[in-house]
Amino acid sequence: MIYEYDGSGEVCPLPLVNMRVLLKKMQQGDMLLLRIADSGSKTDIPKLLLKQGYQFEQKQLANNMLELKIFQH
C-alpha cells in the first residue's frame with residue numbers, strides 16, 4: 001500500500017509526529033510518500049529515519065519542498 005502525507009504547510013514537530021503515526025500503520029512492502037517544507041522537519045526527519053534503519057529516497061522539489069519515499073522494512 002502507498003501512503004501519502006503532505007506536510008508542506010506544517011511546521012516541526014507536526015510532520016514528524018504524523019509521519020511516525022503512519023509508519024506504525026505500515027506493513028512490510030508499504031511505502032510512504034512524504035512532502036515537507038519546514039527547515040526543522042527537513043533536518044530532523046531524515047536523521048530519525050536513518051537512526052531507525054528505514055530505507056528512503058529524498059528529492060528536492062520546487063518551492064523549497066523535500067519529497068521523501070520511505071520504505072517499510
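Every value quoted in this text rests on a predicted model; they were computed, and no experiment measured them.
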Please set out all donor-acceptor pairs under 3.5 angstrom arising from side-chain atoms of residues 41-49, sequence neighbours excluded.
residue, atom, partner, partner atom, Å
Ser41, OG, Asp38, OD2, 3.2
Lys42, NZ, Asn64, O, 2.9
Lys42, NZ, Asn64, OD1, 3.0
Thr43, OG1, Ser39, O, 3.1

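- Pairs engaging residues 12-50 under the ring pair (Phe, Tyr, Trp, His ring centres under 6.0 Å) rule: none recorded [sequence neighbours left out].
- Each of Phe71 and Leu34 belongs to its own hydrophobic cluster when Ile, Leu, Val, Met, Phe, Trp and Tyr are linked at side-chain heavy-atom distances under 4.5 angstrom.
- Residue pairs meeting the ring pair (Phe, Tyr, Trp, His ring centres under 6.0 Å) criterion with at least one member in residues 13-39, sequence neighbours excluded, do not occur.
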Can you list, pair by pair, the side-chain donor-acceptor contacts under 3.5 Å of residues 4-16, counting residues two or more places apart and other chains?
residue, atom, partner, partner atom, Å
Tyr5, OH, Glu10, OE1, 2.1
Tyr5, OH, Asn18, ND2, 2.9
Asp6, OD1, Ser8, N, 3.0
Asp6, OD1, Ser8, OG, 2.6

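- When hydrophobic side chains of Ile, Leu, Val, Met, Phe, Trp and Tyr are connected at separations under 4.5 Å, Met65 ends up clustered with Leu61.
- Screening residues 19-39 for ring pair (Phe, Tyr, Trp, His ring centres under 6.0 Å) gives no qualifying pairs among residues at least two apart or on separate chains.
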Pair up each side-chain donor or acceptor in residues 20-33 with any protein partner under 3.5 Å, not counting sequence neighbours, and list the distances.
residue, atom, partner, partner atom, Å
Asp30, OD1, Met1, N, 2.7
Asp30, OD2, Gln27, N, 2.8

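- Listed by first and then second residue, the ring pair (Phe, Tyr, Trp, His ring centres under 6.0 Å) pairs involving residues 16-70 are Tyr54-His73 (not counting sequence neighbours).
- Between Met19 and Ile70, the closest side-chain pair of non-hydrogen atoms falls below 4.5 Å.
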